[in-house]
A.B. asks: 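Before I ask anything, let me first share the structure, which is written out below as structure tokens.
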Number of protein chains: 2
Amino acid sequence: MKQLLGNLKISVHEKLYLKDPESSALGKKIIEQSILLINEIGFEGFTFKKLGSAIGSNESSVYRYFENKHKLLLYLTSWYWGWMEYRLVFETHSIADPDEKLNKAIEIICRPIVEDSTYVHINEVLLNKIVVNEFSKSYLTKEVDEENKEGYFSIYKRLVHRVEEMVAEVDPSYHFSSSLASTLIETSLHQQFLKEHFKSITNCNDKVSTSDFLLDLVSKILKK
Amino acid sequence: MKQLLGNLKISVHEKLYLKDPESSALGKKIIEQSILLINEIGFEGFTFKKLGSAIGSNESSVYRYFENKHKLLLYLTSWYWGWMEYRLVFETHSIADPDEKLNKAIEIICRPIVEDSTYVHINEVLLNKIVVNEFSKSYLTKEVDEENKEGYFSIYKRLVHRVEEMVAEVDPSYHFSSSLASTLIETSLHQQFLKEHFKSITNCNDKVSTSDFLLDLVSKILKK
DNA sequence: CGAATATAATAGTAATACTATCATAATTGA
DNA sequence: TCAATTATGATAGTATTACTATTATATTCG
């Protein structure tokens, strides 16, 4: 798995950046430090000025790579979903049994992230936290329709489609495969947030994982 | 129902405002116009300066009621969940059958909002749209733990608890009643968003409602 | 080595998110 | 009823944000 992914660049929509951050050391530093900084101070408090000093430079350098922090967030979350998609595809493609395949997919989506040394400048553990806390903000905007048309959310939607296909393979008679797939992914993020901040409205915790909840849910919803 | 609610003031956490907007004509105008304006230009573009001119005054007047726009958003969404809670309680309290009661609750949560003339200065249809588009932003912040401790999200959490209780009454053996309840409410908002902006990853549309999806889901998950 | 390109530093602008002050209008209660 | 309180409205000011533009200095690459 690691070798396979080793040479793979996770591809992100070209219009999300002005200059590909993967193409230079400075670009990688921007990505690396933005992940650390957004985690530390939150997306609202995050500015290119602060990022500039985090990379030992100033804002003008960052602006050469990204138009604004919204685009940078779209870049980071797209990368995350692209990475998740690869994991999903590689880890499930050899599974023939539809039921087992979907269960594996749910497990992958819900599984706590552990450090992946394949992409040295990207801390996937922290990036996952950014996705939990900030991904919604990337589409809950007035510009969502334009940006969707532009294709900025296509990796995310493609991932949902992959899950949807797996759902449909388990139970072709089920009428809500898309909604279930989008709900599974959304719920994996939402329950992770609740576990951390609103413990009283979730059953998920150190002992009960989100995948326990969702595996049970899916097993009951779909006919085999 | 209307008469019953007619004299009822939906109560919102006192610390969310500096001066109770329900206590004056100007305060009500602030609430009324903020709902219109946030809908029109989105929460990011919304400022107290713009709100000031919308109410025919200026920002200083608004600042006397709310510390900042984040608190105002918390006020609006709390009001919405309080209003939803009343509807839920009144419309379900006379239902004895647990199954029927939970189904009614889901229907209430998912049902498209229609104008409610009880609260003249509050446009519930638009407020619902604000909740769909902006509610997440009210808790996806660095300050969520403090604000949660302060009680700013208690109405929302109480609503989830009410749904949870209904779930538990239908099937006491079900292990994930809290997570299911929070997922039902979150999904009602999320699918409403998808229906509008990311149609390809939902089955919900003009013909198929979100409650169709969730009623089916719950009926399969819970043992009767 | 010299030209092109990338990076860094500085300056400047309009808008935001406030705080503070003061004048005036409305209300209310002795 | 009128003085006092309180609410509202207008103006000004500050630090920060979210940029754009320009220029100087490195770096690299043919």
Side-chain angles (χ1 to χ4, degrees), chain A residues 14-34 37-38 40-76 121 134 137-138 140-143 146-147, chain B residues 14-34 37-38 40-76 121 134 137-138 140-143 146-147:
Chain A
E14 284 198 352
K15 280 202 172 177
L16 288 178
Y17 47 79
L18 297 169
K19 177 179 172 167
D20 186 356
E22 290 292 329
S23 71
S24 73
L26 185 68
K28 283 174 187 161
K29 225 163 147 192
I30 286 173
I31 297 305
E32 181 183 24
Q33 293 298 316
S34 66
L37 196 54
I38 292 173
E40 203 182 316
I41 62 176
F43 188 66
E44 276 67 46
F46 172 82
T47 67
F48 277 6
K49 191 172 187 182
K50 291 174 188 166
L51 179 58
S53 54
I55 61 168
S57 177
N58 62 13
E59 30 178 0
S60 60
S61 303
V62 181
Y63 276 110
R64 248 177 277 110
Y65 285 83
F66 292 99
E67 265 181 76
N68 51 50
K69 69 175 186 172
H70 172 67
K71 287 272 173 79
L72 172 55
L73 178 62
L74 285 171
Y75 179 94
L76 294 175
H121 60 298
E134 323 291 359
K137 298 172 193 166
S138 76
L140 295 174
T141 67
K142 278 285 160 188
E143 298 77 31
E146 288 164 57
E147 295 187 347
Chain B
E14 285 198 351
K15 280 202 171 175
L16 288 177
Y17 47 78
L18 297 169
K19 177 178 174 169
D20 185 357
E22 289 292 329
S23 71
S24 73
L26 184 67
K28 284 174 187 160
K29 224 161 143 191
I30 286 172
I31 298 305
E32 181 183 24
Q33 293 298 316
S34 65
L37 195 53
I38 292 173
E40 202 183 314
I41 62 177
F43 188 66
E44 275 67 47
F46 172 82
T47 69
F48 277 5
K49 191 170 188 184
K50 291 173 187 167
L51 179 57
S53 54
I55 61 168
S57 178
N58 63 13
E59 30 175 4
S60 59
S61 304
V62 182
Y63 275 109
R64 251 178 253 114
Y65 285 82
F66 292 98
E67 266 180 74
N68 51 51
K69 71 175 186 171
H70 172 68
K71 287 274 173 78
L72 173 55
L73 179 61
L74 285 170
Y75 180 95
L76 293 175
H121 60 298
E134 323 290 359
K137 298 172 192 167
S138 77
L140 294 174
T141 68
K142 278 284 160 188
E143 298 76 31
E146 289 163 55
E147 295 187 348

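Convention: sequence-line order gives letters A, B, ...; per-chain numbering from 1. Side chains included, hydrogens not; waters and symmetry mates left out as well; all remaining heavy atoms used.
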A.B. asks: How would you list, by chain and number, every residue that makes a ring-ring contact (aromatic ring centres under 6.0 Å, His included) with A:Phe46, sequence neighbours excluded?
C.D. replies: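 A:Phe46 satisfies ring-ring contact (aromatic ring centres under 6.0 Å, His included) with no other residue.
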A.B. asks: Using atom names, set out every protein N or O paired with an N or O of nucleotides 26-30 of chain D below 3.5 Å, distance rounded to 0.1 Å.
C.D. replies:
none

A.B. asks: Please list, by residue number, the residues of residues 44-51 of chain A whose heavy atoms come closer than 4.0 Å to an atom of DNA chain D; answer none if no residue qualifies.
C.D. replies: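 The answer is A:Thr47, A:Lys50.
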A.B. asks: Considering residues at least two apart in sequence or located in another chain, which fulfil the side chain to side chain contact (heavy atoms under 4.5 Å, CB included) criterion with B:Ser23?
C.D. replies: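 Testing B:Ser23 for side chain to side chain contact (heavy atoms under 4.5 Å, CB included), a comparison that skips the adjacent residues, returns B:Lys19, B:Asp20.
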A.B. asks: For B:Tyr65, what residues pass the ring-ring contact (aromatic ring centres under 6.0 Å, His included) criterion, not counting sequence neighbours?
C.D. replies: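 Per chain and number, B:Tyr65 pairs via ring-ring contact (aromatic ring centres under 6.0 Å, His included) with no residue.
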A.B. asks: Got a sec, which residues hit side chain to side chain contact (heavy atoms under 4.5 Å, CB included) with B:Ser61, two or more places apart in sequence or on another chain?
C.D. replies: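 Per chain and number, B:Ser61 pairs via side chain to side chain contact (heavy atoms under 4.5 Å, CB included) with B:Leu26, B:Ser57, B:Asn58, B:Arg64.
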A.B. asks: To the nearest Å, give me how far apart CG (B:Leu18) and C1' (C:dA17) are.
C.D. replies: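 Spelled out: CG on B:Leu18 to C1' on C:dA17 is 15 Å.
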A.B. asks: Nearest whole angstrom, please: distance from the P of D:dG9 to the NZ of B:Lys29.
C.D. replies: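 Roughly 7 Å, once rounded to whole Å.
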A.B. asks: So, using salt bridge (charged side-chain N to carboxylate O under 4.0 Å, His left out) as the criterion, who are the partners of B:Glu134 when residues are at least two apart?
C.D. replies: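 In terms of salt bridge (charged side-chain N to carboxylate O under 4.0 Å, His left out), with neighbours along the sequence ignored, B:Glu134 is linked to B:Lys137.
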A.B. asks: Run the side-chain contact (heavy atoms from CB on, under 4.5 Å) check on B:Lys69 and B:Thr47 step by step: do they pass?
C.D. replies: CA-CA 7 Å; B:Lys69 71 175 186 171; B:Thr47 69; 5.5 Å; no
A.B. asks: Partners of A:Lys142 by salt bridge (charged side-chain N to carboxylate O under 4.0 Å, His left out), sequence neighbours excluded?
C.D. replies: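 For A:Lys142, no residue satisfies salt bridge (charged side-chain N to carboxylate O under 4.0 Å, His left out) once neighbours in sequence are set aside.
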A.B. asks: Report the residues that fulfil salt bridge (charged side-chain N to carboxylate O under 4.0 Å, His left out) with B:Lys15, sequence neighbours left out, ordered by chain and then residue number.
C.D. replies: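 B:Lys15: salt bridge (charged side-chain N to carboxylate O under 4.0 Å, His left out) contacts with B:Glu150.
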A.B. asks: Reading nucleotides 7-14 of chain C from the 5' end, what letters show protein touch, with B for base, S for backbone sugar-phosphate only, - for no heavy atom under 4.0 Å?
C.D. replies: BBBB----
A.B. asks: Listed by chain and number, what are the side chain to side chain contact (heavy atoms under 4.5 Å, CB included) partners of B:Lys28, not counting sequence neighbours?
C.D. replies: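 So B:Lys28 forms a side chain to side chain contact (heavy atoms under 4.5 Å, CB included) with B:Glu22, B:His121.
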A.B. asks: Taking only residues two or more places apart in sequence or in another chain, which ones pass salt bridge (charged side-chain N to carboxylate O under 4.0 Å, His left out) with B:Glu59?
C.D. replies: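 Residues passing salt bridge (charged side-chain N to carboxylate O under 4.0 Å, His left out) with B:Glu59: none at all.
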A.B. asks: How long is the line joining CD1 of A:Ile41 and P of D:dT17, in whole Å?
C.D. replies: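 Whole-Å distance recorded here is 9 Å.
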A.B. asks: Is the shortest side-chain heavy-atom distance between A:Phe66 and A:Ile31 below 4.5 Å?
C.D. replies: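 Result yes, sub-4.5 Å side-chain heavy-atom pair found.
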A.B. asks: Between atom CG in A:Leu72 and atom P in D:dC19, what is the gap in whole Å?
C.D. replies: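 Nearest whole value for this atom pair: 12 Å.
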A.B. asks: Distance check needed: D:dA21 P versus A:Tyr63 OH, whole Å only.
C.D. replies: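 Interatomic distance, OH of A:Tyr63 to P of D:dA21: 13 Å.
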